[in-house]
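Basis for what follows: all heavy atoms, side chains included, without hydrogens, waters or symmetry-related copies. Quantities reported herein were computed from a predicted structural model and do not represent experimental measurements.
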There are 2 protein chains.
Amino acid sequence: MEITQGIIKKLSEAGLKITPQRVAVMQTLCKLRMHPTAEELFAEVSKIIPGLSATTIYNTLDTFVEKGMIKRVKTDADVMRYDAITEHHHHLYCAVSDRMEDYFDNELDEMLSAYFERKQIKGFRISDIRLQLMGDFNERKQTQ
Amino acid sequence: MEITQGIIKKLSEAGLKITPQRVAVMQTLCKLRMHPTAEELFAEVSKIIPGLSATTIYNTLDTFVEKGMIKRVKTDADVMRYDAITEHHHHLYCAVSDRMEDYFDNELDEMLSAYFERKQIKGFRISDIRLQLMGDFNERKQTQ
DNA sequence: CGTTAATTTGTATTTATTACAAACAAGTTT
DNA sequence: AAACTTGTTTGTAATAAATACAAATTAACG
């Protein structure tokens with residue numbers, strides 16, 4: 001199969017050993033149009049690799065993320081957070097310091113709603129637009 | 001204190017009983033500029049309410065979210081997800097069905113980077129802009 | 001005050017994830 | 001191709017975040 005070949009190529013390019021588990025995980029990940037959780041992947045990949053261990057799923061996914069072959073959706077240090085501000089706003093987030101701050105920008109909001117008014121997404125009705133601005137807080141000095 | 005009064009007002013407007021725990025949680029949540037986790041809140045609020053139970057934190061936060069007094073940051077059904085696509089893209093997310101899909105939009109990306117090129121955020125250097133478009137997929141299951 | 005229903009507490013459980021050592025297998029060397 | 005070396009997988013156990021639930025407590029009302 002072409003797909004399998006492509007995966008094998010990707011794996012060896014990343015300097016990883018070609019194991020049935022890794023091939024199956026990557027294959028499944030590519031096949032599943034949605035964004036599966038580790039659990040969902042475990043269930044799915046287990047169909048291909050019977051005695052698969054859940055740990056392998058986590059190991060494999062971590063390795064893939066490390067090598068930049070896949071991405072983790074949502075922030076990296078993933079625990080639920082709470083926000084007292086209920087007005088519409090966005091977030092500045094630094095993955096290194098795991099710090100998150102609010103960002104308000106009316107001009108941006110207007111630009112975005114005008115944009116999506118014009119450009120409809122087929123099959124999806126937007127109710128809220130949330131931006132996560134990844135980056136870092138210039139904590140050492142003020143560059144102003 | 002004025003702040004406490006405001007909180008008490010908010011609580012009774014929401015039809016909730018005024019308890020020291022709730023006041024302290026809301027107070028702390030407003031004070032902490034960042035977005036604390038339940039654990040962080042537990043630690044912080046425990047300083048005010050000594051024998052506080054962790055369960056109370058979860059209960060209280062859930063109640064506040066229900067009443068729309070606070071917001072949960074990140075998606076509601078919060079488990080880690082993985083994505084095989086590493087190119088820059090955004091997400092369409094429906095909280096009801098807990099379904100997430102990719103969204104690519106070059107025009108949007110260009111507009112956004114032009115925007116943030118012009119409008120710098122003081123104290124923060126952006127490295128990546130991620131949009132989460134909340135809404136619902138028009139799945140043809142009901143009377144459509 | 002006294003009553004009642006909401007709230008908090010504490011304990012036990014569940015779920016997602018990580019740690020770790022032993023078993024194993026991929027890729028290389030000979 | 002057999003042996004070797006190292007990376008990978010497995011299984012078990014541990015940790016962390018969150019939830020369920022019954023009992024104890026307390027706020028808000030008259």
Whole angstrom value for the distance that separates C1' of C:dT15 from CZ of A:Phe42: 14 Å

Ionic contact status for A:Glu13 with A:Lys67, cut-off 4.0 Å: no

Length of the line joining A:Lys67:NZ and D:dG7:P, which is rounded to integer Å: 11 Å

Length of the line joining B:Leu61:CG and C:dT7:P, which is rounded to integer Å: 14 Å

Atom-to-atom span, CG of B:Leu41 to P of D:dA17 - whole angstrom: 13 Å

Along DNA chain D (nearest heavy atom to each residue), the more 5'-positioned of A:Ile49 and B:Ala54: A:Ile49

Touch class at under 4.0 angstrom, heavy-atom based, for A:Thr19 against every strand present: sugar-phosphate

Distance, rounded to the nearest Å, where A:Leu16 contributes CG and C:dG27 contributes C1': 13 Å

Whole angstrom value for the distance that separates C1' of C:dA16 from CD of B:Glu39: 14 Å

Listed nucleotide nearest any side-chain atom of A:Ala38, set D:dA20, C:dT17, C:dC20: C:dT17

Any B:Gln21 side-chain N or O less than 4.0 Å from OP1/OP2 of C:dT9: yes

DNA chain C: 5'-proximal contact among B:Gly51 and B:Arg22 (nearest heavy atom): B:Arg22

Any A:Tyr58 side-chain N or O less than 4.0 Å from OP1/OP2 of C:dT17: yes

Length of the CD1-C1' vector between A:Ile57 and D:dT9, whole Å: 11 Å

Base D:dT6 paired with A:Lys17 side chain (donor-acceptor, <3.5 Å): yes

Of B:Thr60, B:Leu29, B:Leu52, the residue whose pairing with B:Val45 passes side-chain contact (heavy atoms from CB on, under 4.5 Å): B:Leu52

Short side-chain to backbone donor-acceptor contact, A:Arg22 and A:Lys17, under 3.5 Å: yes

Under 4.0 angstrom between A:Thr56 side-chain N/O and D:dT10 OP1 or OP2: yes

Side-chain (B:Tyr115) to main-chain (A:Leu108) donor-acceptor, under 3.5 angstrom: yes

Sidechain-backbone polar pair: A:Tyr103 side chain, A:Leu133 backbone, donor-acceptor under 3.5 Å: no

